[in-house]
Amino acid sequence: MSKKVFPDAKAALAGAIKDGMTLMAGGFGLCGIPDLLIEAVRESGAKDLTFISNNAGIDGAGLGILLETRQIKKMISSYVGENKLFAQQFLAGELELEFTPQGTLAERIRAGGAGIPAFFTKTGVGTLVAEGKEERVFDGERYIMERGLFADISLVHAWKGDTEGNLVYRKTARNFNPMMASASRLTIAQVEHLVPAGEIDPDHMHTPGIFVKRIVHVTNAAKRIEQRTTRKRAA
Amino acid sequence: MSKKVFPDAKAALAGAIKDGMTLMAGGFGLCGIPDLLIEAVRESGAKDLTFISNNAGIDGAGLGILLETRQIKKMISSYVGENKLFAQQFLAGELELEFTPQGTLAERIRAGGAGIPAFFTKTGVGTLVAEGKEERVFDGERYIMERGLFADISLVHAWKGDTEGNLVYRKTARNFNPMMASASRLTIAQVEHLVPAGEIDPDHMHTPGIFVKRIVHVTNAAKRIEQRTTRKRAA
Amino acid sequence: MPWTREQIAARAAKELKDGYYVNLGIGIPTLVSNYIPAGVSVQLQSENGMLGMGPFPYEGDEDPDLINAGKQTITELPTTSYFSSADSFGMIRGGHIDLSILGAMQVAQNGDLANWMIPGKVVKGMGGAMDLVAGVKKVVVVMEHVAKNKDGSESAKLLKACDLPLTGAGVVDMVITDLGVFSIDENGGGMSLIELAEGVTLEEITSKTEAAFKVAL
Amino acid sequence: MPWTREQIAARAAKELKDGYYVNLGIGIPTLVSNYIPAGVSVQLQSENGMLGMGPFPYEGDEDPDLINAGKQTITELPTTSYFSSADSFGMIRGGHIDLSILGAMQVAQNGDLANWMIPGKVVKGMGGAMDLVAGVKKVVVVMEHVAKNKDGSESAKLLKACDLPLTGAGVVDMVITDLGVFSIDENGGGMSLIELAEGVTLEEITSKTEAAFKVAL
């Protein structure tokens, strides 16, 4: 059972990552990103990577650190603002970019994990997103066909995991992590709390252990805040 | 908030159900079925109903009680054994039946709730299920196109619910209930435990309240066992 | 007097009905939550995976695991539920959200909306905007009536046809600007002016609107 | 001597590898869990929404909310997780289950499988069988080598082509019967006899098999 548990992020990635691979990385902005696994990707030195991730991190954090080392060849994302280096490399033609609407991205990943090669959605009908895609009318409404996504490796962050690989996410740090966990040949999870199998209520698990091949307990995830907004306490 | 809470199953269905409607009913066999809501459908006397449900109950329980009163015109199911009355009415031509593989049924319902009118699956390729359906090759594999399902009313059973309509299911009584909750114009839930909003951990909710329009606290769900299998305790 | 940003938000808040599930965009739309009418209870959806969004946290209570779609720290409520991005956009695409209020660069008289890219400028991405306008039952745009250009001139934003790349085709149901309120018929019936801001004349709003519209005040 | 049902199950259990996620059908397949080799840890999936299926409960401990796909009362394990039917079949269809062991009425030499309906008889439905054979990485059929008819005669079940309606086309990877074991090449390379039950002759198994097969003992 504990064959899934690896001592650290570097060990969890060892022997798995190769130049030219497609990876998924969970998170929305910097919330729920597998930051230490991304650092391990940097240390691996693997090049020409395609990353499927809602965002591209910010300068110096998240996937931003792989832009610094020019390890990313292509991004499939819904929003890449907040990152000057990204804009620079993209404008210089050094980086490919495939924009996918956020909901379509989430669904393409879910589909890939669930054995669905293609589905129809009304998102993007009549826009640039629809160009080159099959359009079809169902019950009088227009839809476009979108394809499932499946990766070589998925990197996810969870709040809690057990030695069987079952995962529980916390609040809005869940976001893209569950679908990505299901949509790769090798899913690696970093978890803030690692417990023996049997400690998490089986009705509360968000990702069943079958999807997680390797798991790492991390005690030093950065968990940065991008937009710290607050209100004042009454005096 | 408590506008969603109805005093009993009959009240929850009042004014909602009409002849000829399409309904979904959760449950796998007799596990996790909305039995008291089904009884309320019987009391309503509504006729010519189409039911989307994995099974058709057994004689005298579950949807079986609506076969007795001949309120069902058509079933969309994956398995209807265990029910003599069903076989009788079907052979007599009194009941229409659309068989859908269990996984395709689950996915069609999820798709209906998620605004996906159609998707491709390899389930059923080369079988009777594929007849009349579009077939297409993606990446060298054959797939057939299946359509989403959406109902007028969904009847679901949950273990716990709060006054906002958030639901938690228990063990394998979850089955088809979450997708069905998302795939109708009017979802009615019967819950074994009703608590004020705020009592259920928001990370543990299986069905967000947005999908549930009416909720009923039931203290007398039958929860019958179809196949009681046990092992002997060591003496 | 044209409406202020706050007044635009207050007018938009009148579109909220009791029991609604609502998604608010960034900017003026965010202000709408300050004007929810008395007796009206709505739940705010954040497309990154949350229903029942609460206000900003008190200083020191910020939680990096609890942010909205604008990546701002927020709080939860007794009604809150969390879910994945796939489930969140299933909810949006499936038509379960009653109302979306968002900003725009351009709106056309047929309901076309442009708010995600300007060719030639750095493209940041559409995020969840295309999903929201395609899936949500009612889409309300709040925006300044005209764009102010760098040279001091003004350009109409309510147009016969958008010239910027679309976010959605025929998706807008209502437009609220500093000058008034327009409804757009989803069945191709065109745009109608249904309200004027106090002190704004029909002449003024007409002169600042390129789109054709019926007057239904 | 042909293998007994228990021996067929024991032979099928040899296909289990450490770390496998496995779905077992009703009948002989259920017996396979009694023969899991020492040192091999597998998790059993039940397609109604459970991974990590435990044994039958002790008398008095039955829980109506905890059943397997055969609607039998079962128990949970420390490894157990529960999920919806959509997630369960996403797991199956997406190729995440390593092995499915199930019964059959007929298997053809090209891997076609028939096990869900006999025209003219009451049709109960395919349940999850079509999803399992289409989605699971390796599909092993366990069955009696021939069907015994009411008049005492025998009919072959391993055929050149199935005459019953299919559950899946070209889906079977291995067939284990009371007489021996066949592998079927998924790339159209046909069927091969790879094992004989002790005391069963090549002559006997050939005479009871309509399908063409290579001998690769």
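Reminder, nothing fancy here: chain letters follow the sequence lines and each chain counts from 1. Quantities reported herein were computed from a predicted structural model and do not represent experimental measurements.
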What residue in B/Thr104, B/Val125, B/Ile109 has the most heavy-atom pairs under 4.5 Å with chain D? B/Thr104
So, the side chain of B/Ser53 versus the backbone of B/Ala25: is there a donor-acceptor pair under 3.5 Å, distance only? yes
Would you say D/Asp65's side chain and B/Lys171's backbone share a donor-acceptor pair under 3.5 angstrom? no
Whether B/His193 side chain and B/Gly161 backbone form a donor-acceptor pair below 3.5 Å: no
Cation-pi geometry met for B/Lys232 and D/Tyr58 (6.0 Å, 45°): no
Derivation of the ring-ring contact (aromatic ring centres under 6.0 Å, His included) call for B/Phe138 and B/Phe120: CA-CA 9 Å; B/Phe138 293 99; B/Phe120 289 90; 5.0 Å; yes
Residues in residues 107-129 of chain D that sit under 4.5 Å from chain B, counting heavy atoms only: D/Trp116, D/Met117, D/Val122, D/Val123, D/Lys124, D/Gly125, D/Met126, D/Gly127, D/Gly128
Nearest heavy atoms of D/Asp131 and B/Gln102, plus distance in Å: OD2-N, 3.2 Å
Select, from D/Ile74, D/Asp61, D/Asp63, D/Asp87, the one with the greatest count of heavy-atom pairs under 4.5 Å involving chain B. D/Asp63
Selection from D/Gly135, D/Pro64, D/Ala169 maximising heavy-atom pairs under 4.5 Å formed with chain B: D/Pro64
Distance-only, no hydrogens or angles: does the D/Asp173 side chain make a donor-acceptor pair with backbone N or O of D/Val139 under 3.5 Å? yes
Counting heavy-atom pairs closer than 4.5 Å to chain B, which one of D/Gly49, D/Ser84, D/Gly60 comes out on top? D/Ser84
Output the option from B/Gly124, B/Gly103, B/Ala173 having the highest count of non-hydrogen pairs under 4.5 Å with chain D. B/Gly103
Among the options B/Asn175, B/Asn177, B/Thr121, pick out the one with the most heavy-atom pairs lying under 4.5 Å from chain D. B/Asn175
Residue part contacting chain D, namely of B/Leu91, when any heavy atom lies under 4.5 Å: side chain
For residues 175-189 of chain D, give me every residue with a non-hydrogen atom less than 4.5 Å from any non-hydrogen atom of chain B. none
More than 12 foreign heavy atoms under 6.0 Å from NZ of D/Lys137: is that the case here? yes
Hey, does the side chain of B/Arg108 reach the backbone of B/Arg147 with a donor-acceptor pair shorter than 3.5 angstrom? yes
Sidechain-backbone polar pair: B/Gln190 side chain, B/Leu37 backbone, donor-acceptor under 3.5 Å: yes
Given that the side chain runs from C-beta out, which part of B/Asn54 has a heavy atom under 4.5 Å from chain D: side chain, backbone, both or neither? neither
Identify which of B/Pro178, B/Ser77, B/Pro101 forms the greatest number of heavy-atom pairs closer than 4.5 Å to chain D. B/Pro101
D/Ile101 to D/Pro29 - nearest heavy-atom pair and separation: O-CB, 3.3 Å
Using a 3.5 Å distance criterion without hydrogens, assess whether the side chain of B/Arg231 forms a donor-acceptor pair with backbone atoms of D/Phe56. yes
Of the listed D/Ser85, D/Ala86, D/Gly170, the one with the largest count of heavy-atom pairs under 4.5 Å with chain B is D/Ser85
Examine distances only and state if a side-chain atom of B/Ser154 and a backbone atom of B/Met180 form a donor-acceptor pair shorter than 3.5 Å. yes
Using a 3.5 Å distance criterion without hydrogens, assess whether the side chain of B/Glu141 forms a donor-acceptor pair with backbone atoms of B/Asp139. no
Check for a donor-acceptor pair, side chain of D/Thr30 on one end and backbone N or O of D/Gly25 on the other, with a separation under 3.5 Å. yes
Most heavy-atom pairs under 4.5 angstrom with chain D, which of B/Gly81, B/Ala56, B/Ala130? B/Gly81
